[in-house]
Amino acid sequence: MVYPALLHRPKVATITDRIHLHLLSDSTGETLEMLAKAALAQFDDADVVRHFWPMVRSRQHLDRIVPELKANPGLVLFTLVNPEARARLEEVCTQNGLPAVPILDRVTEALEKALGQEAHGRPGRQHQMDKAYFERVEAIQFTIAHDDGIGWENWEEADIVLAGVSRSSKTPTSIYLANRGYKVANIPLVVESPPPPKLFELKKPLVVGLTTAPERLVQIRRNRLLTLNEQSQTAYIDNERVKSEVAFARRMFADNGWPVIDVTRRSIEETAAAIIRLCSERSHRAAGEFEGGKAI
């Protein structure tokens with residue numbers, strides 16, 4: 001017996017367990033990858049197979065990729081400015097029913113309208129070796145040479161100096177900021193070994209204190225010891241000891257009026273963004289003063 005209700009049951013759309021994501025760029029593809037990563041972060045447990053195709057600058061190059069697009073149909077995201085290559089990609093995607101998204105078009109069109117001029121359509125122009133490029137390379141070299149308290153005599157040349165107890169994300173944050181063009185030095189704060197007096201005399205650099213929850217710090221340090229095959233109990237991971245270290249650092253931040261960022265629940269990118277915002281505010285503030293000891 002067939003029940004009437006079953007005859008009118010609506011069809012359930014088939015959910016694809018896995019999708020292929022093709023990323024085509026006429027440059028390094030860094031921008032494309034970051035945008036794709038940011039968008040995918042909004043979906044839980046997405047099973048995505050990425051196909052990365054950088055430096056696609058001609059129809060001939062694109063034609064070598066077409067068989068892979070047909071063999072692994074999926075979503076196509078692209079940043080191609082070469083008219084011939086772009087037209088060919090759009091043609092292939094239309095013929096094979098592949099959704100294709102030119103991810104920078106809307107932004108470029110809006111900028112053209114706002115600036116009153118047409119975009120040049122030059123591939124990889126953001127990566128050209130101009131003055132800003134060499135300044136970024138110099139910033140990276142400076143930051144590597146002034147990690148973990150090294151080279152404190154040259155700290156006045158830095159844009160930013162990060163201070164904090166051991167394992168408070170100073171080095172990775174410094175490297176990230178260096179890639180954004182900032183010269184960064186960092187110094188670990190140790191109760192038994194006060195930092196050099198130079199730290200308290202700096203004029204040009206923005207000194208930022210990094211702090212974190214003691215419980216979280218103990219966990220990070222314990223994992224660090226495990227990676228070094230060191231499992232013995234030491235003061236380095238003692239709860240009371242770590243609490244006193246964090247309190248010592250916080251008192252120093254407050255005494256010197258340095259801005260403080262709590263990195264407990266922040267990614268490196270989020271911490272760096274907060275520091276960049278502080279730099280921007282400082283550059284636009286005539287007096288160049290900060291609210292001391294206020295955690296961000």
Side-chain angles (χ1 to χ4, degrees), residues 11-140 175-176 178-181 267-269 272:
K11 294 182 179 180
V12 178
T14 302
I15 299 176
T16 304
D17 294 327
R18 170 178 293 184
I19 69 165
H20 291 273
L21 180 63
H22 295 272
L23 307 175
L24 286 83
S25 172
D26 50 24
S27 186
T28 63
E30 180 182 350
T31 301
L32 191 58
E33 279 200 301
M34 287 193 299
L35 287 172
K37 182 179 180 181
L40 286 171
Q42 305 303 314
F43 301 90
D44 296 327
D45 303 320
D47 187 2
V48 179
V49 180
R50 303 189 196 190
H51 304 267
F52 184 47
W53 313 101
M55 308 304 291
V56 181
R57 297 187 174 179
S58 67
R59 175 170 178 149
Q60 291 74 21
H61 188 172
L62 182 59
D63 282 339
R64 295 196 295 271
I65 298 173
V66 169
E68 292 291 334
L69 296 177
K70 293 180 178 179
N72 301 286
L75 176 62
V76 178
L77 305 182
F78 68 91
T79 54
L80 302 179
V81 298
N82 180 285
E84 189 178 7
R86 178 172 176 141
R88 173 59 176 156
L89 176 61
E90 292 174 339
E91 176 187 358
V92 169
C93 289
T94 299
Q95 291 175 348
N96 293 273
L98 304 178
V101 182
I103 64 170
L104 292 182
D105 276 23
R106 294 292 296 276
V107 177
T108 303
E109 290 169 4
L111 285 172
E112 286 180 332
K113 187 174 181 180
L115 296 172
Q117 58 177 290
E118 291 186 5
H120 293 293
R122 299 174 189 169
R125 197 177 187 199
Q126 72 272 34
H127 300 295
Q128 65 184 4
M129 296 173 66
D130 55 9
K131 181 182 178 182
Y133 172 85
F134 289 107
E135 287 178 348
R136 188 164 64 252
V137 171
E138 184 181 355
I140 293 172
I175 297 299
Y176 185 92
N179 277 279
R180 296 290 298 273
S267 65
I268 300 301
E269 295 84 355

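It should be emphasised that the depicted structure is a prediction, and the values quoted were computed from it without experimental measurement.
Put simply, the side chain of Val49 does not reach to within 4.5 Å of the side chain of Asn72, judged on heavy atoms. At a threshold of 4.5 Å between non-hydrogen side-chain atoms, the residues Asn82 and His61 do not count as touching. Contact of the Leu40 side chain with the Val48 side chain is registered, since non-hydrogen atoms from C-beta on lie closer than 4.5 Å.
Distance CD/Gln60 to CD1/Ile65: 12.0 Å, rounded to 0.5 Å. To the nearest 0.5 angstrom, Ile175 atom CD1 is 7.5 Å from Ile140 atom CD1. Residue Leu24 holds its CG atom at 13.0 Å from CE of Met55, rounded to the nearest 0.5 Å. The CG atom of Leu32 sits 10.0 Å away from atom CG of Asp26, with the distance rounded to the nearest 0.5 Å. To the nearest 0.5 Å, the span separating CG on Leu75 from NE2 on His22 amounts to 9.0 Å. To the nearest 0.5 angstrom, Leu89 atom CG is 12.0 Å from Trp53 atom CH2.
Smallest separation of non-hydrogen atoms from Thr28 and Pro54: O-CB, 3.8 Å. Of all heavy-atom pairs spanning Ala100 and Cys93, the tightest one is CB-SG, 3.8 Å. Residues Pro99 and Gly97 share a closest heavy-atom pair of CD-O, 3.6 Å. The two residues Ala85 and Arg59 come nearest to each other via the heavy atoms CB-N, 4.1 Å. Residues Leu21 and Ala36 share a closest heavy-atom pair of CD2-CB, 4.3 Å.
Between Arg88 and Glu84 there is no salt bridge, since no side-chain nitrogen of the basic residue lies less than 4.0 Å from a carboxylate oxygen of the acidic one.
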Side chain to side chain contact (heavy atoms under 4.5 Å, CB included) between Thr31 and Thr79, worked out: CA-CA 9 Å; Thr31 301; Thr79 54; 5.9 Å; no

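Heavy-atom contacts from other residues, nucleotides or ligands closer than 6.0 Å to CD of Glu91 number more than 12.
Scanning for salt bridge (Lys or Arg N to Asp or Glu O under 4.0 Å) contacts around Glu33 gives an empty result, with sequence neighbours left out.
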